[in-house]
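Below: the structure, in structure tokens.
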Amino acid sequence: MPYLTGHHGNPSSTHRFGRLARAAVDTAREQVAELVHAHPSQVVFTSGGTEANNFAIKGVVADRGPGSIAIGATEHPSVENSAAALKKNGWRISTLAVDRQGRLRENTLEQALALSPVLVSVMMANNETGTIQNIAAISQVVRTGGALMHTDAVQAAGKIEVDFIASGVHLMSLSAHKLNGPKGVGALVVDKTVDLPPLQHGGGQEKNRRSGTENVAGIAGFGMAASLAKAQLADYGARTGNLRNRLESGLRAIGGIKIFAAEAARLPNTVCFGMPDIDGETLLLNLDRSGFAISSGSACASGNPEPSPILLAMGVEPTLARSSIRVSLASGNTEEDIDLFIAALSTQRGQLRRMAGRAVG
Ligand code: PLP
């Protein structure tokens, strides 16, 4: 709030107001670096996870002629569409298949590495199912294959332990609003060995890697959110993990519900499930009226009647994928919330089924 209401300095100014803003940005850089065990000099602030992913993918190839890159089959659209944009410029894109739990299949990584890709991009945790990839193991294979490794850690940071060094990646994307920070700010963490030309040219901010006057209030908020997330990480994991187990027990008790990626290591706060014969969007609207804010498929794709491409990549039947609901638990949720949700879901499902039965009859 101080940087929205009182401290209006520009971090590039040398006068005292500028120095105050610069200090806020520097503190936030340290806080974000600390959350993911990186060095502050490796943190480049961006306008969010989308820009960080675009920067990583398009930046790595910027000074090179067309070659190949590989991306996971369940990546966020900001990775998928960045790769699709490169395809138009002659780049070959390999898609790394996943198993039914959403985990990368090792053999597809080896096949992709045979094409000597410049970059491999695999997300740390999935935004719909919560599936966590073994990024350290993947990075090791990728490095041995001579490629650069990027991970989209937007969903993972602040929810599970994320270690930039131990993960072995060269580039890591982060977003503030996934860890209770403000929207419209994120970061790309860049290993010192990576030559990453800027995509955004201008006044040379962020050590000439991302020009443009810094979003000081957003960056300060990101830093504070990162610091709080780090302090609360163990407690958050245990608490939301217990709530998720309660939610999944409730879903199993209702019956006829498929929990996706149930056998994979997953984020503690994410549950994605499908209910045969139910339209996820209709259920979502009805539950919203009852006070429950949930998503069908990915929030970015809500309103899109197509089944989730992530679930399709995991081999889920299109009709079941179309019924998918994603519940993301927050630290403020309680056991009572879970119980009320299960009761509302059970009632809504019964009503929707009866209506579908009448429509057919
Ligand atoms: N990557 C993942 C996995 C996400 O879930 C999201 C947002 O939902 C993004 C990237 C994009 O981040 P932002 O909303 O900060 O642009």
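Everything quoted here is computed from the prediction, not taken from an experiment. Just follow the structure's listing: the first ligand is 1, and inside any ligand the first atom is 1. Excluded from the calculations below are hydrogen atoms, water molecules and symmetry mates; all remaining heavy atoms, backbone and side chain alike, are included.
- From Ser249, atom OG reaches atom CD1 of Ile254 across 11.5 Å, with rounding to the nearest 0.5 Å.
- Every atom of ligand 1 with a heavy atom of Asn127 under 4.0 Å away is listed here by number and element: 3 (C), 5 (O).
- Both Val25 and Val32 are part of a single hydrophobic cluster, where members link through side-chain heavy atoms under 4.5 Å apart.
- At a heavy-atom cutoff of 4.0 Å, ligand 1 is contacted by the side chain of Asn53 but not by its backbone.
- For the pair Gln155 and ligand 1, the shortest N or O to N or O distance falls below 3.5 Å.
- Under a 4.0 Å criterion applied to the non-hydrogen atoms of Asp152, ligand 1 contributes the atoms 1 (N), 2 (C), 3 (C), 10 (C).
- Close contacts between ligand 1 and Gly48 involve ligand atoms 15 (O) [criterion: under 4.0 Å to a heavy atom].
- Ile93 and Leu171 fall within the same hydrophobic cluster, defined by Ile, Leu, Val, Met, Phe, Trp and Tyr side-chain heavy atoms under 4.5 Å apart, directly or through other members.
- For ligand 1, the polar-atom distance check against Gly49 finds a nitrogen or oxygen pair separated by under 3.5 Å.
- Taking a cut-off of under 4.0 Å to the non-hydrogen atoms of Met123, the atoms of ligand 1 that pass are 3 (C).
- Close N/O approach between Glu51 and ligand 1 is not found [any backbone or side-chain N/O within under 3.5 Å].
- When each of Val120, Val60, Ile71, Asn53 is checked for a side chain to side chain contact (heavy atoms under 4.5 Å, CB included) with His150, only Asn53 meets the rule.
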